[in-house]
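Letters A, B, ... are given to chains in the order of the sequence lines, protein chains preceding strands, and every chain is numbered from 1.
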Amino acid sequence: MKNVIKNIVLDAAGLAFKKGLLTSSVIPDMEIEAPRHENHGDFSTNFAMVSASVQKMAPRKIAEALLSSIEDPERIIERAEIAGPGFINFFLAPKAWYPFIKIIHQQDEEFGKSDIGQGKKVQVEFVSANPTGPLHIGHGRGAAVGDAVGNILAFSGFDVQKEYYINDSGRQIRTLGRSVWLRICQLIGRESEFPEDCYQGDYIRDIAKELNQLMGSEYLALTCKSQDKQTDVGQLNKTDLEPTVKMGEYLLGKPEAEAVDICAKYAADKILQGIKDDLVDFGVEFDRWFSEQSLYDSGRVQDAITEFQSKGVIYEKDGALWFKTESFGDEKDRVVVRNNGLTTYFASDIAYHTEKFNRGFDRVIDVWGADHHGYINRINASIEASGRKREQFNVILVQLVNLLRGGQPVAMSTRSGEFVTLKEIVDEVGKDAARFIFLSRSYDSGLDFDLEVAKQQTSENPVYYVQYVHARIAGIVTKAFEQGILSDPADISTVSNSLQTLQLLVEPEELKLIKILASFPEVVEKSAFVLHPHIIFTYLMSLASAFHGYYNRHKVINEHQELTLARLCLVSSVKKVIYNALKLLGVSAPERM
RNA sequence: GUGCCCGUAGCUCAGUUGGAUAGAGCGUCGGACUUCGAAUCCGCAGGUCACAGGUUCGAAUCCUGUCGGGCAUACCA
């Protein structure tokens with residue numbers, strides 16, 4: 001609709017110039033927007049104000065010239081007026097809006113979809129938590145944001161791939177192995193200290209216990225099974241592993257380094273599997289799980305370093321290799337290979353991001369916790385150094401989540417291993433409530449997540465407010481069938497074709513509802529453009545509010561047959577849009593609650 | 001010290017490519033169910049948009065500075 005108005009304005013400007021009412025045919029960037037206040041019309045443009053300097057005329061004079069040249073054969077515009085410093089406000093005729101109901105019924109689950117992405121390949125990488133422990137609430141927010149952004153972009157015509165980067169290489173994995181190994185040692189009665197830098201959580205004990213009890217044959221079965229996975233749980237010298245020997249005893253007979261290695265691989269695989277399960281329960285599915293180790297195995301890390309060396313952006317100093325990130329806007333240069341010969345994480349990150357673009361993505365989006373913001377500059381540097389444009393890479397920084405219970409902060413400490421996991425949260429409050437709350441606020445702001453509020457089935461909890469609309473409408477439609485008003489589900493969409501019937505929808509609340517419905521595609525587009533899913537949340541709240549207000553004031557099923565049909569048609573289009581919007585956020589739309 | 005994010009109603013936050021009288025939820029108080037689902041609605045009250053300058057027809061929005069909060073500042077991962 002916005003575009004329709006824009007074209008009318010552009011045509012009018014051209015005509016006004018032709019008629020000599022305007023002095024210039026130049027049209028500056030103008031805006032068509034839906035004003036905040038209803039008495040400012042359905043749409044408003046600042047055309048006259050932004051044109052003042054090129055036209056060398058007063059804004060109001062320009063507005064008058066424009067209005068006198070407007071052609072509107074369809075009579076979409078009921079009236080237009082000049083207001084304030086030179087705004088032109090358009091009030092649309094009701095009949096301009098009714099066709100949207102038809103469009104919604106026709107397009108159904110496609111309504112809101114667009115092609116602004118033009119099929120461009122976009123990768124959204126998110127969560128990517130180290131497989132050294134279960135996901136916690138912060139990962140949950142990142143998961144909800146990344147998943148929703150991916151959905152919104154896909155709905156907007158991008159070819160989206162969702163990816164999880166597994167940090168399955170390096171020291172934290174060895175630490176993981178050591179942690180499990182030491183717990184096994186404790187289990188089998190061998191005195192050993194448990195250092196502070198090891199993972200303290202109880203899940204380490206559980207894994208240790210499990211691995212310790214595993215028979216050789218069971219272990220072999222597990223490793224075989226995981227061979228087809230992308231994560232490498234490791235090659236084991238299988239020849240000397242007795243099927244009937246417990247793994248604990250077996251490991252005891254091995255050199256410690258090897259035992260730690262086996263523990264690391266077993267634990268990482270186990271934890272990763274847990275992460276995958278938790279994400280599935282949270283409604284998040286990735287297209288690809290990408291292993292950091294694979295970058296080393298395939299030589300891509302070395303290739304990336306060599307490539308940058310040949311481009312002259314990597315140099316040697318103090319026995320280490322440095323990437324000239326400072327010349328790309330970073331505070332200082334960064335080490336990629338330490339003087340002990342080991343690569344830093346940055347090295348594999350460079351290789352990974354190079355690899356992403358080599359896979360053909362036009363655009364790469366990373367979702368990170370806000371505590372990683374210091375890495376933006378250096379990854380940007382690597383993107384530019386590899387010949388890509390900085391605009392092709394976006395980082396979404398997700399601020400921290402404060403977990404509360406009844407207003408009181410829930411103590412969490414990674415060091416002691418005492419933290420509430422995502423799984424516990426999903427188990428307690430449900431996937432829908434958790435996701436909806438995660439997406440309720442801009443990820444630029446910290447978020448208070450109160451478990452008690454998230455559990456409440458009251459108006460304090462926004463997810464029910466919106467889902468209730470969907471269920472309520474489902475209830476109304478069911479009722480209409482029971483009363484014989486409808487005999488076939490197709491009846492409703494048949495009505496949507498009848499402008500004559502829809503014209504019975506004259507209540508202000510009805511027109512307001514239709515206008516909100518009609519704006520959904522623009523809302524999705526904006527959300528995709530700024531990569532902010534909470535815009536969909538805000539939209540859902542206003543749509544739900546408009547519906548509830550309407551419902552409490554007017555009867556959908558009433559004594560007038562045709563009006564009833566028109567209203568059923570309207571509310572079922574509300575239901576469809578609620579469904580589509582919730583789906584973008586990964587929240588279900590129940591028929592009954 | 002430096003960099004990034006934030007500062008809007010009592011609380012939690014929308015408002016972000018600059019627009020007109022700054023919005024919503026919660027909380028307070030008062031109303032609405034023998035009628036389609038009250039997990040709902042209606043009404044009242046609540047503001048120096050942290051502060052001070054600047055940019056212009058116009059600033060919560062952009063720029064500079066100050067104050068306050070969070071995060072980050074490794075040849076750690």
Side-chain angles (χ1 to χ4, degrees), chain A residues 29 31 33 35-37 39-40 44-46 49-50 52-53 58-59 83-87 89 130 132 167 169-175 197 317-322 330-332 334-346 369-377 397-400 402 404 407 440-448 450 453 456-469 471-480 482-483 485 526 529-530 532 534-535 537-538 541-542 544-545 547-558 564 567-568 571 592-593:
Chain A
D29 276 345
E31 248 176 79
E33 56 158 24
R36 264 204 287 264
H37 296 279
N39 48 357
H40 292 147
S44 169
T45 180
N46 59 355
M49 280 129 72
V50 294
S53 59
F87 288 104
N89 296 335
N130 293 341
T132 55
N167 291 112
S169 156
R171 208 175 83 169
Q172 86 279 7
I173 291 293
R174 282 198 302 280
T175 303
D197 64 344
K317 192 183 86 178
D318 304 333
L321 291 183
W322 298 71
D330 199 2
E331 296 166 25
K332 55 180 236 179
R334 308 287 175 178
V335 168
V336 287
V337 181
R338 294 188 267 158
N339 61 12
N340 62 8
L342 295 177
T343 51
T344 62
Y345 256 56
F346 185 34
D371 53 341
H372 290 85
H373 72 254
Y375 295 93
I376 296 178
N377 280 336
L397 282 183
V398 181
Q399 296 291 326
L400 300 179
N402 302 311
L404 308 171
S440 66
R441 300 283 132 83
S442 165
Y443 48 70
D444 287 334
S445 294
L447 178 74
D448 287 341
D450 195 311
V453 173
Q456 276 174 34
Q457 302 195 354
T458 69
S459 50
E460 258 189 275
N461 194 346
V463 71
Y464 295 104
Y465 187 76
V466 174
Q467 287 183 324
Y468 187 46
V469 173
R472 223 177 189 183
I473 295 169
I476 296 169
V477 173
T478 305
K479 184 115 185 168
E482 284 166 7
Q483 296 189 354
I485 299 164
K526 185 179 179 187
F529 183 68
V530 299
H532 268 290
H534 79 274
I535 292 175
F537 172 92
T538 308
M541 291 301 283
S542 68
S545 167
F547 172 78
H548 286 312
Y550 170 58
Y551 177 90
N552 274 280
R553 212 176 170 111
H554 302 284
K555 303 271 295 175
V556 174
I557 296 172
N558 56 71
T564 299
R567 288 182 172 173
L568 282 168
V571 298
R592 272 197 307 270
M593 292 169 67

Distance, C1' atom - from B:A20 to B:G25, rounded to whole angstrom = 26 Å

So does A:Ser440 get a side-chain nitrogen or oxygen closer than 4.0 Å to the phosphate oxygens (OP1/OP2) of B:A24?
-> no

Which part of the nucleic acid, if any, lies within contact of A:Lys555, taking any heavy atom under 4.0 Å across all strands shown: a base, the sugar-phosphate backbone alone, or nothing?
-> base

Could you label the plane-to-plane angle of the A:Phe547 and A:Tyr551 rings as parallel, tilted or perpendicular, counting under 30° as parallel and over 60° as perpendicular?
-> tilted

Below 4.5 Å, heavy atoms only, C-beta onward: do A:Leu568 and A:Val556 meet side chain to side chain?
-> yes

Checking all strands, does A:Asn558 fall into the base, sugar-phosphate, or nothing category for heavy-atom contacts under 4.0 angstrom?
-> nothing

Provide the distance between the two C1' atoms, one in B:G7 and one in B:A14, to the nearest whole Å.
-> 15 Å

Which whole number of Å gives the distance between the P atom of B:A60 and that of B:G19?
-> 9 Å

Remember a base hit wins even if backbone is also touched, and classify A:Asn339 as base, sugar-phosphate or nothing at under 4.0 Å, heavy atoms.
-> base

Give A:Asn39 one of three labels, base, sugar-phosphate or nothing, depending on what nucleic acid heavy atoms sit under 4.0 Å from its own.
-> base

Ignoring hydrogens and angles, answer whether the base of B:C26 and the side-chain atoms of A:Tyr465 contain a donor-acceptor pair closer than 3.5 Å.
-> no

Describe the nucleic acid contact of A:Phe529 in one word from base, sugar-phosphate, nothing, applying a heavy-atom distance below 4.0 Å.
-> nothing

Establish, with yes or no, whether the OP1 or OP2 oxygen of B:C36 is under 4.0 angstrom from a side-chain nitrogen or oxygen of A:Arg567.
-> no

Picking from B:C36, B:A38, B:C71, which would you name as closest to the side chain of A:Leu400?
-> B:C71

B:A50 versus B:G10 - spacing of their P atoms, nearest Å | 13 Å

Between the side-chain atoms of A:Ser542 and the base atoms of B:A24, is any donor-acceptor pair under 3.5 Å?
-> no

If you write RNA chain B from 5' to 3' in dot-bracket form, with Watson-Crick or G-U pairs under 3.5 Å, [ ] for crossing pairs and | for pairs with another strand, what do you get?
-> (((((((..((((.....[...))))..((((.......))))......(((((..]....))))))))))))....

Are A:Tyr550 and B:C41 close enough that a side-chain N or O sits under 4.0 Å from OP1 or OP2?
-> no

Are the ring of A:Phe87 and the base ring of B:A20 both nearer than 5.5 Å at their centres and tilted by less than 30°?
-> yes

Describe the nucleic acid contact of A:Ala474 in one word from base, sugar-phosphate, nothing, applying a heavy-atom distance below 4.0 Å.
-> nothing

Distance check: side-chain N/O of A:His373 vs OP1/OP2 of B:G70, anything under 4.0 Å?
-> no

Taking only the side-chain nitrogens and oxygens of A:Tyr464, find out if one of them lies under 4.0 Å from OP1 or OP2 of B:A39.
-> no

Taking only the side-chain heavy atoms of A:Ser445 (C-beta and beyond), determine which of B:U40, B:A20, B:A14 contains the nearest atom.
-> B:A14

With rounding to whole Å, what would you report as the distance between B:U61 and B:U17 at their C1' atoms?
-> 11 Å

Phosphate contact (B:A20 OP1 or OP2) by A:Arg36 side-chain N/O below 4.0 Å | yes

When all nucleic acid strands are considered with a 4.0 Å heavy-atom cut-off, which category describes A:His532: base, sugar-phosphate, or nothing?
-> nothing

